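Fair warning: this is a prediction, and the values are worked out from it, not measured in the lab. All chains are named by letter (A, B, ...) in the order of the sequence lines, taking the proteins before the strands, and each is independently numbered beginning at 1.
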Number of protein chains: 2
Amino acid sequence: MFSEILSHIRRFVPLDPEEEALLASLLEVREVKKKEHLLQAGEICKANYFVAKGCFRLYLITTKGAEQVIQFGIEDWWITDYAGLKSGKPSGFYVQAVEPSTVVVLNKEAEEVLFEKIPQLERYFRQVLERAYSAQLTRIHYVFNLTGEEQYKMMRDKYPDFVQRVPQYMLASFLGITPEFLSMLRAKKD
Amino acid sequence: MFSEILSHIRRFVPLDPEEEALLASLLEVREVKKKEHLLQAGEICKANYFVAKGCFRLYLITTKGAEQVIQFGIEDWWITDYAGLKSGKPSGFYVQAVEPSTVVVLNKEAEEVLFEKIPQLERYFRQVLERAYSAQLTRIHYVFNLTGEEQYKMMRDKYPDFVQRVPQYMLASFLGITPEFLSMLRAKKD
DNA sequence: CAAAAAACTTAAAGTAGTTTAAGAAAGACT
DNA sequence: AGTCTTTCTTAAACTACTTTAAGTTTTTTG
């Protein structure tokens, strides 16, 4: 069950067999039921999660009481509240399984040991985060420069499977539009 | 002139004197005039830039021909097109000085050498990127859940100096509203 | 497999922000 | 110091999207 994460890491940095064994000994595989939370607002975030199988959403409850989806995480993505993990303060985020999923758990304590014994892992995460950060800047660009309709069409054309995979109200929230408006967009044949 | 960057790095990881000397030998200080570009769309991005003094904006030209400010970088921030730096493909972004500035240039080749000789630097950038990524997720949240007016007031109250520092049309673009609308918001006394 | 809960649809009225256009003020260069 | 360029302002007409409300379909669960 570690094969997914090990091969992902190997795409960025080399790993020798002892390192792989150490990883396997300190990482933890966890099955997560649909709608189960890995993190809830108010809790202390204690781990980073690698999605080996399934789909998660990172969301928060706005001051108006609505759920706002900030980020989705599917296979080969890491998902967590990095700020909360670092600060040790109660998180403002929820991380929830959108479908039955499997994650590899990297606990904060394990992380410290692993970074010390396998310095290459710092390199791996640096690169993973460079990508993630770039992706967010690109997203900001789309949010400001595409209408809701254009964004939806782009998602639908670029990630047709993903659009089918998550409930429409979550996708609407992620795109920053109401579920009613997304429903209307879908009804319209272009 | 390296003191700013060295003390920033030391806030995250320890550095011994030889490492500091190596850094000083491979980093480059560069004065940048107001409106001068460190990167233009179509060029290959060759470096990451640490803002020692001054202010930059990362922007792009939209399909409609308008400038869209994606990110500002002030003192102690790194600014670059990480995706372009990694891929080696022509960038879609511009990085321009908003005011007379001083940057420390970390060239791609120097980066490779430094990461190899000072593994702690990977750790430094991992942490810098964790912050930057978190900040972008928080920003996405604000973009979706605050009106333009609320966002402007938050900026004004939280970063009063910064709001004075950049031209209003750039701030408007960063906030995702038109300069005309921002002007109207400012005129309104609350 | 029935009942309840969750997710999706439709449509009308309302609003936050854009667009356009023109003028005023501030900054920069010779 | 004066001209040219850049930045900021004002206001009216317009639009992409929200809100509200009610009904329909799909999924989950005992």
Side-chain angles (χ1 to χ4, degrees), chain A residues 32-37 55 57 59 61-69 72 94 96-101 140 142-156 162-190, chain B residues 33-37 55 57 59 61-69 72 94 96-100 140 142-156 162-190:
Chain A
V32 192
K33 287 191 193 124
K34 183 170 174 174
K35 298 207 178 174
E36 190 179 338
H37 284 92
C55 178
R57 60 169 177 155
Y59 69 97
I61 306 290
T62 69
T63 46
K64 284 151 202 149
E67 287 179 0
Q68 172 65 55
V69 177
F72 286 110
Y94 298 79
Q96 186 193 42
V98 174
E99 57 188 59
S101 304
I140 296 264
Y142 289 139
V143 166
F144 285 149
N145 294 293
L146 300 183
T147 62
E149 181 165 9
E150 290 167 330
Q151 278 190 79
Y152 167 66
K153 283 184 183 165
M154 205 189 63
M155 279 295 270
R156 189 198 53 186
F162 183 74
V163 167
Q164 302 293 3
R165 199 167 169 182
V166 301
Q168 249 169 69
Y169 74 95
M170 289 188 194
L171 185 63
S173 174
F174 178 74
L175 294 177
I177 59 180
T178 58
E180 292 85 354
F181 187 55
L182 179 54
S183 178
M184 207 211 73
L185 291 179
R186 281 176 52 93
K188 243 198 326 195
K189 46 182 137 175
D190 31 19
Chain B
K33 290 191 189 122
K34 182 170 174 176
K35 298 208 179 171
E36 191 180 336
H37 284 93
C55 178
R57 61 169 176 154
Y59 69 97
I61 306 291
T62 68
T63 45
K64 283 151 202 149
E67 287 178 1
Q68 172 64 56
V69 177
F72 286 110
Y94 297 80
Q96 185 193 41
V98 174
E99 57 188 59
I140 296 266
Y142 289 140
V143 166
F144 285 148
N145 294 292
L146 300 182
T147 63
E149 180 163 10
E150 289 167 330
Q151 278 190 77
Y152 167 66
K153 283 184 182 164
M154 206 189 64
M155 279 296 270
R156 190 197 52 188
F162 182 74
V163 167
Q164 302 294 2
R165 200 167 168 182
V166 301
Q168 253 170 64
Y169 73 95
M170 288 188 196
L171 185 62
S173 174
F174 179 74
L175 294 177
I177 58 180
T178 58
E180 292 84 357
F181 187 56
L182 179 54
S183 178
M184 207 211 73
L185 291 178
R186 281 175 52 95
K188 255 209 304 205
K189 47 181 141 182
D190 30 20

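Here A/Phe181 lies in heavy-atom contact (under 4.0 Å) with a base. At a threshold of 4.0 angstrom between heavy atoms, the contacts of A/Thr147 are confined to the sugar-phosphate backbone, with no base atom among them. Among the protein residues, B/Lys64 comes within range of no part of the nucleic acid, since none of its heavy atoms lies under 4.0 Å from any strand.
In this structure, B/Leu182 places its CG atom 14 Å from P of D/dT7, rounding to the nearest Å. Atom CD in A/Glu150 sits about 13 Å away from atom C1' in D/dT15, given to the nearest Å. To the nearest angstrom, C1' of C/dA28 lies 15 Å from NZ of B/Lys33. Rounded to an integer number of Å, the gap from OH of A/Tyr169 to C1' of D/dT25 is 16 Å. Atoms CD1 (A/Ile177) and P (D/dT15) sit 20 Å apart, rounded to a whole Å. Protein atom OH of B/Tyr152 is 15 Å distant from nucleotide atom P of C/dG17, rounded to whole Å. Note: CE (B/Met184) to C1' (C/dT20) measures 16 Å, nearest angstrom. In this structure, the CD atom of A/Gln168 is 19 Å from the P atom of D/dT24, given to the nearest Å.
Among A/Glu150, A/Arg156, A/Glu149, the single residue meeting the side-chain contact (heavy atoms from CB on, under 4.5 Å) criterion with A/Tyr152 is A/Arg156. With B/Cys55 as the fixed residue, the side-chain contact (heavy atoms from CB on, under 4.5 Å) test singles out one of B/Gln96, B/Lys34, B/Arg165: B/Arg165.
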For this session: Take A/Phe72 and A/Phe162 through the test ring pair (Phe, Tyr, Trp, His ring centres under 6.0 Å) and record every step on the way to the result.
Result: CA-CA 10 Å; A/Phe72 286 110; A/Phe162 183 74; 5.1 Å; yes

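In this structure, CG on A/Leu146 lies 7.5 Å from OG1 on B/Thr63, to the nearest 0.5 angstrom.
Set against D/dT6, C/dA11, D/dT9, the side chain of B/Arg186 has D/dT9 as its closest nucleotide. In this structure, of C/dT9, D/dC8, D/dT18, it is C/dT9 that holds the atom nearest to the side chain of A/Ser183. Picking from D/dT7, C/dT10, C/dA7 the nucleotide with the shortest atom distance to the side chain of B/Pro167 gives D/dT7.
Without hydrogens or angle criteria, A/Ser101 side chain to A/Val32 main chain gives no donor-acceptor distance under 3.5 Å.
Remark: A/Thr178 is not in phosphate contact with D/dC17, judged by side-chain N or O atoms under 4.0 Å from OP1 or OP2. Between A/Lys34 and the phosphate of D/dT28, there is a side-chain N or O to OP1/OP2 separation shorter than 4.0 Å.
The residue among A/Gly148 and A/Glu180 whose nearest nucleotide of DNA chain D lies closer to the 5′ end is A/Gly148. Ranked by how close their nearest DNA chain D nucleotide is to the 5' end, B/Lys35 and B/Ala187 are led by B/Lys35.
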